[in-house]
Amino acid sequence: QMQLVESGGGLVQAGGSLRLSCAAAGDTFSRFNMAWFRQAPGKERELVAGISASGDRTYHTNSVKGRFTISRDNAKNTVYLQMNSLKPEDTAVYYCAAHMGIMAVSASRVQYWGQGTQVTVSS
């Protein structure tokens, strides 16, 4: 069992930055690959970034590559998403996810989900 709690969302102007955090509890965090998904109103939940259990490999979807960076600190049971140069199209609820699949994981393979944190980017 694992519980995931996201934080760090909020309202930011285009071009600004936010750092999302996801704190994990209840299982061995270092055994799991982690990911960030996002879902905008009326759209599918999409993978934003993924990171392997040890942190040695990462994945970033093309639309955020070069702007967002996923990282993790296994000693703190926490995964992060640093978001820079934010755009209005980044507006969504961002979800932390734990799994044991490939980095480019599909939502259906996620074992544990956080409740999400809202990110709103104004133009």
Side-chain angles (χ1 to χ4, degrees):
Q1 305 89 355
M2 180 177 286
Q3 295 177 351
L4 303 172
V5 180
E6 302 96 334
S7 62
L11 175 65
V12 65
Q13 292 185 344
S17 297
L18 286 172
R19 188 178 77 157
L20 306 184
S21 298
C22 172
D27 209 337
T28 304
F29 177 73
S30 61
R31 294 182 61 190
F32 288 87
N33 303 322
M34 301 296 295
W36 287 95
F37 287 76
R38 66 186 181 188
Q39 188 165 27
K43 296 185 178 180
E44 297 178 342
R45 188 170 297 192
E46 67 171 348
L47 176 65
V48 177
I51 188 166
S52 61
S54 67
D56 64 330
R57 297 199 300 171
T58 61
Y59 166 87
H60 299 82
T61 193
N62 286 340
S63 64
V64 309
K65 192 171 181 64
R67 300 188 298 120
F68 292 9
T69 304
I70 190 171
S71 63
R72 67 191 294 163
D73 186 341
N74 285 351
K76 296 182 178 180
N77 285 6
T78 302
V79 62
Y80 306 95
L81 186 67
Q82 178 66 48
M83 304 186 295
N84 299 325
S85 301
L86 282 161
K87 303 175 180 179
E89 51 262 47
D90 296 318
T91 295
V93 176
Y94 283 71
Y95 296 92
C96 181
H99 67 96
M100 291 189 175
I102 60 174
M103 287 188 298
V105 65
S106 64
S108 64
R109 297 297 94 195
V110 170
Q111 294 177 252
Y112 301 102
W113 292 99
Q115 293 300 305
T117 186
Q118 177 71 49
V119 172
T120 302
V121 184
S122 63
S123 60

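From a predicted model like this one, the values you see are computed outputs, not experimental measurements. The first residue in the sequence is number 1, and the count goes up from there.
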Going by atom type alone, with no hydrogens or angles, which donor-acceptor pairs under 3.5 Å involve a side-chain atom of residues 31-42 and a protein atom two or more places apart or on another chain?
from	atom 1	to	atom 2	distance (Å)
N33	OD1	A53	N	2.8
N33	ND2	G101	O	2.6
W36	NE1	Y80	O	3.3
R38	NE	E46	OE2	2.7
R38	NH1	D90	OD1	2.9
R38	NH1	Y94	OH	2.9
R38	NH2	E46	OE2	3.2
Q39	OE1	R45	NE	3.3
Q39	OE1	R45	NH2	3.3
Q39	NE2	K43	O	3.2

Please list, one pair per line, the donor and acceptor atoms closer than 3.5 Å that link side chains of residues 114-123 to other protein atoms, with sequence neighbours excluded.
from	atom 1	to	atom 2	distance (Å)
T117	OG1	G9	N	3.2
Q118	NE2	A92	O	3.4
Q118	NE2	T120	OG1	3.3

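With values rounded to the nearest 0.5 angstrom, H99 atom NE2 is found 11.5 Å from S108 atom OG. Rounded to the nearest 0.5 angstrom, M103 CE and L47 CG are separated by 10.5 Å. Interatomic distance, M100 CE to Q111 CD, rounded to the nearest 0.5 Å: 5.5 Å. Taken to the nearest 0.5 Å, the CG atom of L11 stands 8.5 Å off from the OG1 atom of T91. Here OG1 of T69 is found 7.0 Å from CD of Q82. Values are rounded to the nearest 0.5 Å. For the atom pair CG (N77) and OG (S30), the distance works out to 7.5 Å, reported to the nearest 0.5 Å.
The list of disulfide bond (SG atoms under 2.5 Å apart) pairs with a residue in residues 16-68, not counting sequence neighbours, reads C22-C96. The disulfide bond (SG atoms under 2.5 Å apart) pairs that include a residue from residues 25-63 number zero, where partners must be two or more places apart or lie in different chains. Sequence neighbours left out, the pairs with a member in residues 1-24 that pass side-chain hydrogen bond (donor to acceptor under 3.5 Å, both in side chains) are S17-N84. Listed by first and then second residue, the ring pair (Phe, Tyr, Trp, His ring centres under 6.0 Å) pairs that reach into residues 54-76 come to none, sequence neighbours excluded.
The shortest non-hydrogen separation linking A97 to V110 is CB-CG1, 3.5 Å. Of all heavy-atom pairs between N74 and F29, the closest is OD1-CE2, 3.0 Å.
Taking S52 as the reference, D56 meet the side-chain hydrogen bond (donor to acceptor under 3.5 Å, both in side chains) condition, with sequence neighbours excluded. Not a single side-chain hydrogen bond (donor to acceptor under 3.5 Å, both in side chains) links T61 to another residue, sequence neighbours left out.
V105 is not connected to V48 by any chain of hydrophobic side-chain contacts under 4.5 Å among Ile, Leu, Val, Met, Phe, Trp and Tyr, and they are in different clusters. Residues V93 and L86 do not share a hydrophobic cluster, clusters being chains of Ile/Leu/Val/Met/Phe/Trp/Tyr side chains in contact below 4.5 Å. There is a path of hydrophobic side-chain contacts, each under 4.5 Å, that joins M83 to V12. If you chain together hydrophobic residues whose side chains sit under 4.5 Å apart, V79 and Y95 never meet in one group.
With hydrogens and angles disregarded, no donor-acceptor distance shorter than 3.5 Å links the side chain of R72 to the backbone of G55.
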